Amino acid sequence: MNKVGAHYGFWETEWSGGADHFIKSAKRAAALGFDALELAGFAFYDMGRQEMDQLRAASEEIGIELSYSVSLPLEYDISSSDDSVRKNGIAYVKALLENVGYMGGKLFSGITYGAWHGQIEDTKEAHWDRAVQSVREIVKLAEDYGITYGFEMVNRFENFLINDHREAIRFAQEVGSLNGKVLLDTFHMNIEEDDMARAILETGAWLGHFHVGENNRRPPGMGNAINWDNVFKALHTIGYDGWIVMEPYVMPGGQVGKDIGIFREILPDLNLDSEAKAALGFVRKEMNKFAAAKQDGK
């Protein structure tokens with residue numbers, strides 16, 4: 001059975017609040033029935049070992065696992081034409097991986113190959129080659145810690161390098177590491193893919209992580225734009241047994257609202273916990289439906 005998680009940013013308007021804040025969210029997610037909580041990885045760049053020990057111990061006691069996502073800042077763009085920026089970016093990502101490894105984390109993914117909202121400095125091909133070379137160096141550390149290093153395909157407005165599943169697969173192939181995997185996200189797929197189910201099927205064994213959310217970033221199961229039956233059927237068809245993490249963003253305000261571009265309440269009658277619990281139930285129902293059909297030979 002796939003573990004189902006939620007992203008910390010669903011409940012918060014700031015990416016980081018320290019160990020105490022993360023622990024509060026972990027307790028909240030666990031109480032709602034989630035198996036995992038995904039945190040913004042860059043919050044761990046300068047987090048002290050004492051705080052990390054506190055968070056790790058609390059998550060183990062609560063019984064919830066932690067994963068980490070990151071979108072690299074411009075000053076740490078590992079695809080940059082500026083050698084110093086690229087060098088600093090490689091050091092930055094390695095520092096994040098060291099701390100994720102210290103935390104016992106096994107999932108690190110997102111725009112891990114270039115800058116969030118980065119601009120093309122010369123050509124896409126040149127950025128691509130530099131990104132591949134940078135990740136080949138970085139991923140060795142992920143291998144040492146047994147961490148899956150995920151390359152997220154995102155919409156063209158957030159990054160220009162990996163915009164669909166085919167580009168994500170090609171990038172992973174060129175990196176050439178067993179730990180380098182593809183992250184698909186239904187919000188981004190809704191913008192960039194012609195057929196979500198086909199994208200999942202073609203990604204197949206390259207799929208290492210999966211994000212779910214509606215086309216307007218509401219929790220999964222609240223809209224009609226995405227054919228969720230097709231999505232979950234495709235996941236079952238390829239035998240995907242990894243995590244499924246809900247990553248909706250609905251609240252304006254703070255750094256989260258600014259970065260994601262939320263300037264109105266996406267949920268008019270805001271009850272985050274009830275919506276999160278309903279979304280969790282929806283995801284598990286879809287998973288179970290196709291698992292049952294497979295057992296029945298349908």
Side-chain angles (χ1 to χ4, degrees), residues 4-10 15 38 40-42 67-73 77 79 107-120 124 127-128 131 135 148-172 180-204 206-228 230-232 234-235 238 240 242-250 256-262 266 279 283 286:
V4 183
H7 196 286
Y8 162 87
F10 176 62
W15 293 115
E38 191 151 292
F42 58 76
S67 63
Y68 306 84
S69 62
V70 64
S71 297
L72 298 182
D77 183 359
S79 78
L107 273 171
F108 178 86
S109 57
I111 307 177
T112 57
Y113 46 83
W116 197 11
H117 302 294
Q119 301 296 313
I120 296 179
K124 174 168 176 167
H127 275 274
W128 181 283
V135 173
T148 294
Y149 192 102
F151 315 119
E152 183 173 16
M153 55 77 55
V154 296
N155 70 77
R156 69 195 75 179
F157 309 109
E158 296 188 40
N159 185 271
F160 56 86
L161 278 178
I162 300 178
N163 296 137
D164 68 6
H165 72 286
R166 293 184 180 91
E167 289 186 323
I169 293 168
R170 182 164 71 88
F171 192 88
K181 294 290 185 178
V182 171
L183 164 58
L184 296 180
D185 182 314
T186 57
F187 168 73
H188 299 293
M189 294 169 77
N190 175 74
I191 298 170
E192 299 293 348
E193 300 285 0
D194 293 324
D195 185 326
M196 288 194 198
R198 186 177 69 190
I200 294 167
L201 294 172
E202 291 181 356
T203 302
W206 286 106
L207 185 62
H209 196 28
F210 198 74
H211 282 171
V212 289
E214 293 290 353
N215 63 300
N216 55 6
R217 307 220 85 152
R218 288 186 180 186
M222 293 193 69
N224 298 310
I226 295 176
N227 188 324
W228 289 107
N230 285 353
V231 167
F232 283 97
L235 290 173
I238 66 171
Y240 177 68
W243 291 19
I244 298 173
V245 171
M246 180 185 86
E247 196 193 27
Y249 298 101
V250 297
V256 174
K258 180 180 178 181
D259 288 346
I260 299 296
I262 305 295
I266 304 299
V283 170
E286 287 287 320

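Throughout, numbering of the chain's residues begins at 1 and tracks the sequence. Since this is a predicted model, take the numbers as computed values, not measurements. The analysis underlying the following values was restricted to heavy atoms, covering all of them including side chains, and did not include hydrogens, waters or symmetry mates.
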(request) Measure the CZ-CZ distance between R217 and F187 for me, rounded to the nearest 0.5 Å. (result)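 It comes to 4.5 Å.
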(request) Find out whether P219 and M246 are in side-chain contact, i.e. whether some heavy atom of one side chain is under 4.5 Å from a heavy atom of the other. (result)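 Yes, close enough: below the 4.5 Å cut-off.
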(request) Among L183, L184, I169, find the residue that satisfies the side chain to side chain contact (heavy atoms under 4.5 Å, CB included) test when tested with M153. (result)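 Output: one option passes, namely L184.
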(message) So I111 and V70, do their side chains get closer than 4.5 Å, heavy atoms only?
(response)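 Of all side-chain heavy-atom pairs linking I111 with V70, none is under 4.5 Å.
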(request) Would you tell me whether E38 and S67 have side-chain atoms, one donor and one acceptor, within less than 3.5 Å of each other? (result)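 The answer is yes; a qualifying pair exists.
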(message) Go through it in stages, so that I can follow the logic: the residues are V250 and I262, the test is side chain to side chain contact (heavy atoms under 4.5 Å, CB included), and I'd like the CA-CA distance, side-chain angles, deciding distance and then a yes or no.
(response) CA-CA 7 Å; V250 297; I262 305 295; 6.0 Å; no
(message) For K181, is there an ion pair with E152 - N to carboxylate O distance below 4.0 angstrom?
(response)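 Salt bridge flag = no for K181 with E152.
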(request) Kindly indicate whether the side chain of Y113, heavy atoms from C-beta on, has any atom under 4.5 Å from the side chain of L161. (result)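 Yes, their side chains come closer than 4.5 Å.
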(message) Do F232 and V283 make a side-chain contact, defined as non-hydrogen atoms from C-beta onward lying under 4.5 Å apart?
(response)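 F232 reaches V283 side chain to side chain.
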(request) Working to the nearest 0.5 Å, report the span between OG1 of T148 and OH of Y68. (result)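 Rounded to the nearest 0.5 Å, the OG1-OH separation comes to 13.5 Å.
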(message) Can you tell me how far apart OG (S71) and CZ (F42) are? Round to the nearest 0.5 Å.
(response)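 That separation rounds to 8.0 Å.
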(message) So which atom in N163 and which in E192 form the shortest heavy-atom distance, rounded to 0.1 Å?
(response)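 Heavy atoms only, the tightest pair is O-CB, 3.0 Å.
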(message) Could you report the tightest heavy-atom contact between P73 and A115, atom names first, then the distance?
(response)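 Looking at all heavy atoms of both residues, the shortest contact is O-CB, 4.0 Å.
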(request) Would you tell me whether H165 and E202 have side-chain atoms, one donor and one acceptor, within less than 3.5 Å of each other? (result)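 E202 and H165 do have a side-chain donor-acceptor pair below 3.5 Å.
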(request) Please determine, by modelled atom types, if W15 and D259 share a side-chain donor-acceptor pair under 3.5 angstrom. (result)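 A pair is found: one side chain offers a donor N or O, the other an acceptor, under 3.5 Å apart.
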(message) Testing the basics here: between I191 and R156, what is the closest heavy-atom pair and its distance to 0.1 Å?
(response)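 Reported closest heavy-atom pair: O-NH2, 4.2 Å.
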(request) Identify the heavy atoms of G150 and T112 that sit nearest to each other, and give their distance. (result)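 Where G150 meets T112 most closely, the heavy atoms are O-OG1, 3.0 Å.
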(message) Are I120 and H127 packed together at the side-chain level, in the sense that at least one heavy-atom pair is separated by less than 4.5 angstrom?
(response)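 The answer is yes; the side chains approach within 4.5 Å.
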(request) Could you check if a side-chain atom of M196 sits within less than 4.5 angstrom of a side-chain atom of I226, using non-hydrogen atoms only? (result)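 SC-SC contact between M196 and I226 confirmed.
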(message) If we count only N and O atoms by modelled type, under 3.5 Å, do the side chains of T186 and H211 hold a donor and an acceptor together?
(response)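 T186 vs H211: no donor-acceptor pair found between side chains.
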(request) Look at the aromatic rings of Y149 and F108 and report parallel, tilted or perpendicular, splitting at 30° and 60°. (result)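 Taking F108 first and then Y149, their aromatic rings sit tilted (interplane angle of 30° to 60°).
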(message) Using modelled atom types and a 3.5 Å cut-off, is there a donor and acceptor pairing between side-chain atoms of H117 and backbone atoms of F157?
(response)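 A pair under 3.5 Å: yes.
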(request) Look up atom CG in L235 and atom CG in L201, then write down how far apart they are to the nearest 0.5 Å. (result)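 Reported to 0.5 Å precision, the distance equals 9.0 Å.
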(message) Can you tell me how far apart CZ (F171) and CD1 (I162) are? Round to the nearest 0.5 Å.
(response)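 Reported value, rounded in 0.5 Å steps: 5.0 Å.
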(request) Measure the spacing between CZ of F210 and CE of M189 and express it to the nearest 0.5 Å. (result)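 CE of M189 is found 5.0 Å from CZ of F210.
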(request) Indicate the atoms forming the closest heavy-atom contact of G114 with N159, along with that distance. (result)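 Looks like C-ND2, 4.2 Å.
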(request) Would you kindly check if the NZ (Lys) or CZ (Arg) of R170 is within the cone defined by 45 degrees around the ring axis of W128 and under 6.0 Å from the six-membered ring centre? (result)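 That pair qualifies as a cation-pi contact.
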(message) How close do P220 and V212 get, counting heavy atoms only, and between which atoms?
(response)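 Nearest heavy atoms, P220 then V212: CG-CG2, 3.9 Å.
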(request) For the residue pair E247 and D185, establish whether any side-chain heavy-atom pair is separated by less than 4.5 Å. (result)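 Side-chain contact under 4.5 Å: yes.
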(message) When you compare the side chain of F10 with that of Y249, does any pair of heavy atoms fall below 4.5 Å?
(response)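 Y249 does not reach F10 side chain to side chain.
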(request) Flag yes if more than 12 heavy atoms outside K124 fall under 6.0 Å of its NZ atom; otherwise flag no. (result)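 Enclosed: over 12 neighbouring heavy atoms sit under 6.0 Å from NZ of K124.
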